[in-house]
Amino acid sequence: MKKYYIQKTPFVVLTTDGKLIEEHHGLVATNNKDISIAHMIAPPNWSEPFQTPEFEEYTYIISGKKQFIIENETVILEAGQSIKIEANTRVQYSNPFDSPCEYIAICKPAFDFNKVHREE
């Protein structure tokens, strides 16, 4: 039995807001509840509602810029920068800029829509 797994066909999450989400490892793609790794592209002028996830989220920006509002503080990351946001922290993710933002998101434990607690 091999002690590794090469992901060749990530699970593409269908979205209605133009954001590309390719889960390489996680609950849906590989039935991994401990961690999720996703490649994402947020289109220009994209945003999500505020949320308070039960998991840590790490983000690494590949290109473009991404805005985070974390507990009422605005943080903007650019290519080559990364951030860790602790579990149970109120946050809003957005790309209010004119260019797409490509990034990697890692959640620990794995992203679970039932544990993201988005505000409507």
Side-chain angles (χ1 to χ4, degrees):
M1 181 163 115
K2 291 184 180 181
K3 296 196 178 201
Y4 64 89
Y5 173 76
I6 297 172
Q7 176 59 279
K8 296 179 182 176
T9 55
F11 180 81
V12 177
V13 178
L14 297 177
T15 66
T16 58
D17 59 4
K19 182 178 175 186
L20 171 69
I21 304 172
E22 297 174 323
E23 184 180 89
H24 284 259
H25 299 277
L27 285 174
V28 179
T30 56
N31 198 31
N32 186 335
K33 64 181 183 192
D34 297 323
I35 193 168
S36 60
I37 301 172
H39 170 248
M40 312 230 199
I41 300 176
N45 303 307
W46 163 87
S47 69
E48 288 183 337
F50 277 92
Q51 55 194 334
T52 308
E54 294 180 33
F55 43 82
E56 298 173 346
E57 185 156 356
Y58 301 78
T59 303
Y60 172 75
I61 308 299
I62 297 169
S63 65
K65 296 189 285 190
K66 186 175 178 187
Q67 177 175 284
F68 305 76
I69 300 176
I70 307 164
E71 305 271 331
N72 299 318
E73 180 181 349
T74 300
V75 175
I76 297 172
L77 293 187
E78 298 182 7
Q81 296 180 320
S82 63
I83 191 169
K84 174 191 177 189
I85 300 174
E86 297 289 342
N88 303 306
T89 300
R90 186 172 185 260
V91 61
Q92 182 196 39
Y93 301 106
S94 66
N95 176 12
F97 309 105
D98 293 332
S99 298
C101 178
E102 182 177 11
Y103 61 100
I104 300 293
I106 300 170
C107 299
K108 188 176 175 192
F111 179 90
D112 182 338
F113 194 79
N114 295 315
K115 296 181 179 180
V116 75
H117 306 295
R118 286 194 176 151
E119 299 173 15
E120 295 305 322

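Each residue takes its place number in the sequence, starting with 1. Bear in mind the structure is a predicted one, so any value in this text is a computation, not a measurement.
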Indicate yes or no: at least one non-hydrogen side-chain atom of [X] is less than 4.5 angstrom from one of [Y].
{"X": "Met40", "Y": "Lys19", "value": "yes"}
{"X": "Thr30", "Y": "Ser36", "value": "no"}
{"X": "Tyr58", "Y": "Ile85", "value": "no"}
{"X": "Ile21", "Y": "Thr15", "value": "yes"}
{"X": "Thr59", "Y": "Lys66", "value": "yes"}
{"X": "Thr52", "Y": "Val116", "value": "no"}
{"X": "Pro100", "Y": "Pro44", "value": "yes"}
{"X": "Trp46", "Y": "Asp17", "value": "yes"}

State whether the side chain of [X] and the backbone N or O of [Y] hold a donor-acceptor pair below 3.5 Å, judged by distance alone.
{"X": "Asn95", "Y": "Pro43", "result": "yes"}
{"X": "Gln81", "Y": "Glu78", "result": "yes"}
{"X": "Glu71", "Y": "Arg90", "result": "yes"}
{"X": "Glu56", "Y": "Ala87", "result": "no"}

#### Entry: is_close_aromatic(Phe111, Phe55), centroid dist under 6.0 Å
yes
When rounded to the nearest 0.5 angstrom, what is the spacing between [atom1] in [X] and [atom2] in [Y]?
{"X": "His39", "Y": "Leu20", "atom1": "NE2", "atom2": "CG", "answer": "6.5 Å"}
{"X": "Cys107", "Y": "Asp34", "atom1": "SG", "atom2": "CG", "answer": "13.0 Å"}
{"X": "Gln51", "Y": "Gln92", "atom1": "CD", "atom2": "CD", "answer": "9.0 Å"}
{"X": "Lys108", "Y": "Ile37", "atom1": "NZ", "atom2": "CD1", "answer": "11.0 Å"}
{"X": "Ile106", "Y": "His24", "atom1": "CD1", "atom2": "NE2", "answer": "11.5 Å"}
{"X": "Cys101", "Y": "Ile62", "atom1": "SG", "atom2": "CD1", "answer": "8.5 Å"}

### Message
I'd like to know if Lys84 and Glu86 make a salt bridge, using a cut-off of under 4.0 Å between side-chain N and carboxylate O.
### Response
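Here Lys84 pairs with Glu86 in a salt bridge, since their nearest N and O are under 4.0 Å apart.
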### Query
Does a donor on one side chain sit under 3.5 Å from an acceptor on the other, for His25 and Gln7?
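There is no such pair between these side chains.
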### Query
Can you name the nearest heavy-atom pair linking Ala105 to Glu57, along with the distance?
CB-OE2, 3.6 Å
### Task
Identify the heavy atoms of Phe97 and Gln67 that sit nearest to each other, and give their distance.
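That closest heavy-atom pairing would be CE1-N, 4.2 Å.
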Is the number of heavy atoms from other residues, nucleotides or ligands under 6.0 Å of [X] [atom1] greater than 12?
{"X": "Phe50", "atom1": "CZ", "answer": "yes"}
{"X": "Asp98", "atom1": "CG", "answer": "no"}
{"X": "Glu73", "atom1": "CD", "answer": "no"}

Do [X] and [Y] belong together in a cluster built from hydrophobic side chains that touch within less than 4.5 Å?
{"X": "Val91", "Y": "Leu77", "answer": "yes"}
{"X": "Ile76", "Y": "Phe68", "answer": "no"}
{"X": "Val13", "Y": "Tyr103", "answer": "yes"}
{"X": "Tyr93", "Y": "Ile41", "answer": "no"}

